[in-house]
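Scroll down for the structure; my scribbles are underneath it.
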Protein chains: 4
Amino acid sequence: MSVNQMGRPRDERLGRALLDATCELLAERGYAATTIEDVARRAGTTKPTLYRRHRNRVELVTEALVDRFGHDPTHDTGTLRGDLEDLQRHQVTLFGDPVLRGAMVGLLDELRADEEAATVFVSRFLAPRRAATARVLERATERGEIAACDDPEWICDLVTGPLLMRAMLPGLPPLDETLVEQTVAAALASLGVSGGAGRRP
Amino acid sequence: MSVNQMGRPRDERLGRALLDATCELLAERGYAATTIEDVARRAGTTKPTLYRRHRNRVELVTEALVDRFGHDPTHDTGTLRGDLEDLQRHQVTLFGDPVLRGAMVGLLDELRADEEAATVFVSRFLAPRRAATARVLERATERGEIAACDDPEWICDLVTGPLLMRAMLPGLPPLDETLVEQTVAAALASLGVSGGAGRRP
Amino acid sequence: MSVNQMGRPRDERLGRALLDATCELLAERGYAATTIEDVARRAGTTKPTLYRRHRNRVELVTEALVDRFGHDPTHDTGTLRGDLEDLQRHQVTLFGDPVLRGAMVGLLDELRADEEAATVFVSRFLAPRRAATARVLERATERGEIAACDDPEWICDLVTGPLLMRAMLPGLPPLDETLVEQTVAAALASLGVSGGAGRRP
Amino acid sequence: MSVNQMGRPRDERLGRALLDATCELLAERGYAATTIEDVARRAGTTKPTLYRRHRNRVELVTEALVDRFGHDPTHDTGTLRGDLEDLQRHQVTLFGDPVLRGAMVGLLDELRADEEAATVFVSRFLAPRRAATARVLERATERGEIAACDDPEWICDLVTGPLLMRAMLPGLPPLDETLVEQTVAAALASLGVSGGAGRRP
DNA sequence: GTATAACCGAGACGGTACGTCAGGTCTTGAT
DNA sequence: ATCAAGACCTGACGTACCGTCTCGGTTATAC
């Protein structure tokens, strides 16, 4: 093997330029108006070069998002409440980002018709975030703060759903620190932690 | 004498056929693949006729959704928990409907670039639902079940966000009765109703 | 018979307005850009009213031309040369008219695909003019100026062809008195009248 | 180094196919019924490809005509009469061609509204033919057959007008050898050549 | 004087074609 | 093998007229 590596090598700066141009256009104009031709033009290159790296728009955007929002750094703060607040502050930043707001709904629409791309998106973007939340719950169980959670999926939806909603629907209040507190409190209450519900004193 | 209503009147069956065809295609193929030409063809008419009634795809789809999911019948069940369960069962049906699942994300994407259409969507589709939730809370306050809620927006996001999430993101569990219970319990807990959190016995 | 003549009679001013509007638009914008809708609008009426009087654009324009350029008044001037000059002066005016220049070529194009309309155009517009020319030749024969002409069609083409050409092709010299002299001289020469060819002294 | 000639070169077979399809449709159905879509379809290609080469129907048809009837080969036959007969036989063939008959009037109509296209048509189609006629007259002057012609435009109209008329107006006799003789005789008479007028013996 | 019939305005309707835009592929010459 | 350039096929866009139709309402003659 390794007869590979013949011919002119790829210009790696082009890969970056393409992903960056994609993010810029997503933030400026949204998904539908982010055309392949415009991405290539803004990156200073051409369509065939783009297609050599990304099979279509869905994959291009998915890869741009993964590249930009790839991994949540979840720290162990020592308490469940601390971990959840950390998680939610990160998510508020994420869903407040104009790139993600511009990309999300349009991308989700196309994923409905492209099962393969949907799988990629789930495994590289969605699943890691949900896994991070599950890990927070596991650590809390190990600490003895809560009993083993029997439906971590629900907790994920509970903490992320309201944020997603504010990010995607028009005319709603902005994502802010209040929302962090509210979602964390709701999660703690749902997990049976006393003092979780209502306002903190 | 009213000089209004001149000329050949519109064939209202066509209006119906167009909205129905729109819903069918949204359910079958999603928003992006629901082309104006296909809608017109399936409705048994032509593009100019469609454009006489709907200025563009955003308005067509918005009107189709409003027509189909126009008004939530909120009954007064006598208790806050009952009202919320009623509300959530209705929302589970709504977000589980393939028409709405097919339409939602794509429509939201285009609304980002069309402020006028976004306003219409908000006022005719979103606002009435949030108002219904607010009414449920007011009734509970009048009954003395809860103190006046100082952030009804948050309760709306709390009960709807998780449903929206399951409806829009790929690879998540289905919308079911369990989710009704979980969201209602979370809402009650967040409203300070004792016994709200956790599973009901 | 004569159960006709019931109901509201036609408003004859509309017929006039339609023909006039047709001529105006033909002169301003040519045949192709003279749409039925514009004619009706400018006449202050509507399409169905127009179609009640004219089956289609070809007939509308034909009737407008016949109405405007209906009949050549051919006077007997006493000499062949005088008759021909009279004829040609009339034709120069005719082919110089912006209405006819605007209408002619476009109308001829559509006549190619509508044999019935072509027949109407020939019989009501073309044939009378050629007959007038033939009559001039007959009168000259009766006067003894020329022998009986055995190919009057050719004389028609000879006197009219150059005018038609200048009227229809772009970039050619204007129709003027010189052309009257030249065509008359050529016709006389072709008819064997000595002194016909060349310039008159 | 010339940076010209980049990108994929045009498939010249497509250019040919488009011009040929245009001529076929012009001959079959005339100008008005020669739609861009049909031309593209018959050429086995698509509208955008057609529009890449021809800005609109006027230019497409003009270029098709120039391509097909591009240049009159005027031979020097040694005599004025011979040259004119040669010219006229060529013109009879030209105006008898169904492609040109189908295209001419419709094209002329649209040229009235498109000055730029009219200029192209004049310079590439009309002017060369008139120049050829002028050259015939110059050669005759050089030979001493006639004095210098002071109005060659008139001779052009004289020899071409009658042919154009027969080609464009419906219901007229066909273009034939007789017309060649008649026009040549008229031209010679008009140029002052004795024996020009009337029938040849 | 009251039917009755044709007229008129307005505008919806099914069509067909327009000229444009973008997606995704392919071909060329050059690096 | 990759790159810039751009041609190519495909399919949908939103618009413009065509010629027809259906209305509500208006005149006239005919009964």
Side-chain angles (χ1 to χ4, degrees), chain A residues 4-12 14 32-38 40-41 44-57, chain B residues 1-12 14-15 32-41 44-53 55-57, chain C residues 2-11 14 32-40 44-57, chain D residues 1-12 14-15 32-40 44-53 55-57:
Chain A
N4 256 344
Q5 210 58 26
M6 293 218 326
R8 175 175 175 173
R10 281 195 180 172
D11 182 344
E12 279 312 324
L14 283 177
T34 298
T35 68
I36 297 284
E37 281 180 331
D38 284 348
R41 188 175 315 122
T45 181
T46 55
K47 284 197 294 177
T49 295
L50 186 154
Y51 279 106
R52 216 169 281 120
R53 293 153 202 265
H54 311 280
R55 294 199 311 178
N56 50 46
R57 189 165 58 156
Chain B
M1 62 184 73
S2 83
V3 191
N4 257 346
Q5 207 54 33
M6 300 258 280
R8 174 175 175 174
R10 287 192 177 170
D11 183 343
E12 278 313 323
L14 280 179
T34 297
T35 67
I36 297 286
E37 281 186 329
D38 284 346
V39 170
R41 179 168 22 243
T45 181
T46 55
K47 280 196 294 176
T49 293
L50 188 154
Y51 279 108
R52 221 171 277 123
R53 292 154 197 265
R55 294 197 309 179
N56 50 48
R57 189 164 58 157
Chain C
S2 103
V3 186
N4 255 346
Q5 208 57 28
M6 295 225 318
R8 174 176 177 173
R10 286 195 177 167
D11 182 345
L14 284 177
T34 297
T35 69
I36 297 286
E37 282 181 329
D38 284 347
V39 169
T45 182
T46 55
K47 284 196 293 176
T49 294
L50 187 153
Y51 278 108
R52 219 169 278 121
R53 293 151 200 267
H54 311 280
R55 294 197 313 177
N56 51 46
R57 188 164 60 158
Chain D
M1 60 184 71
S2 86
V3 190
N4 258 346
Q5 207 56 31
M6 300 258 281
R8 174 175 174 175
R10 288 194 176 166
D11 183 344
E12 279 314 323
L14 282 179
T34 297
T35 68
I36 297 285
E37 281 185 328
D38 284 346
V39 170
T45 181
T46 56
K47 282 196 293 177
T49 293
L50 186 153
Y51 279 107
R52 214 170 285 120
R53 293 155 197 264
R55 293 197 312 176
N56 49 48
R57 189 165 57 157

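Convention: sequence-line order gives letters A, B, ...; per-chain numbering from 1. The structure displayed is predicted, hence computed values, not measured ones.
Between the CD1 atom of D:I36 and the P atom of E:dT16 there is a distance of 18 Å, given to the nearest Å. The CZ-P distance, from A:R41 to F:dG6, rounds to 12 Å in whole Å. To the nearest angstrom, P of E:dG23 lies 10 Å from CG of A:L50. If you measure from atom CZ of C:R8 to atom C1' of F:dT27, you get 5 Å, rounded to the nearest angstrom. Following rounding to the nearest Å, D:Y51 (OH) and E:dA17 (P) show an atom-to-atom distance of 12 Å. Between the CD atom of D:E12 and the C1' atom of F:dC8 there is a distance of 14 Å, rounded to whole Å. Between the CZ atom of C:R52 and the P atom of E:dC7 there is a distance of 6 Å, rounded to whole Å. A straight line from CG of B:D11 to P of E:dA12 spans 12 Å, rounded to a whole angstrom.
Remark on DNA chain F: of its neighbouring residues C:P48 and D:P48, the 5'-side contact belongs to D:P48, judged by nearest-heavy-atom nucleotide. Each of D:R55 and B:L14 has a nearest nucleotide on DNA chain E; the 5'-most of these lies closest to B:L14.
With contacts defined as side-chain heavy-atom distances shorter than 4.5 Å, the pair A:I36/A:L50 qualifies. No side-chain heavy atom of A:R41 sits under 4.5 Å from any side-chain heavy atom of A:T46.
The base of E:dC7 is not paired with the side chain of C:R10 by any donor and acceptor separated by under 3.5 Å. The base of F:dG14 lies close enough to the side chain of B:K47 for a donor and an acceptor atom to sit less than 3.5 Å apart.
If you check F:dT26, F:dC9, E:dG23 against the side chain of D:T49, the one that comes closest is F:dC9. Taking every side-chain heavy atom of A:R53 into account, F:dC3 is the closest of E:dC8, F:dC9, F:dC3. When the nucleotides F:dC18, E:dG19, F:dC8 are ranked by their closest atom to the side chain of C:E37, F:dC18 comes out on top.
Across all their heavy atoms, A:A40 and A:K47 have their closest contact at CB-N, 3.9 Å. Nearest heavy-atom pair across B:R10 and B:R52 is NH2-O, 3.0 Å.
Regarding contacts with the backbone of E:dG14, a side-chain N or O of B:T45 is found under 4.0 angstrom from either OP1 or OP2.
Residue contacts shown for D:T46 include a base, since a base heavy atom lies under 4.0 Å away. Nucleic acid contact for B:D38: none, since no nucleic acid atom lies under 4.0 Å from a heavy atom of the residue. Residue contacts shown for A:G44 are limited to sugar-phosphate atoms, with no base heavy atom under 4.0 Å away.
A distance-only check finds a donor-acceptor pair linking the side chain of A:R57 to the backbone of A:T34 [under 3.5 Å].
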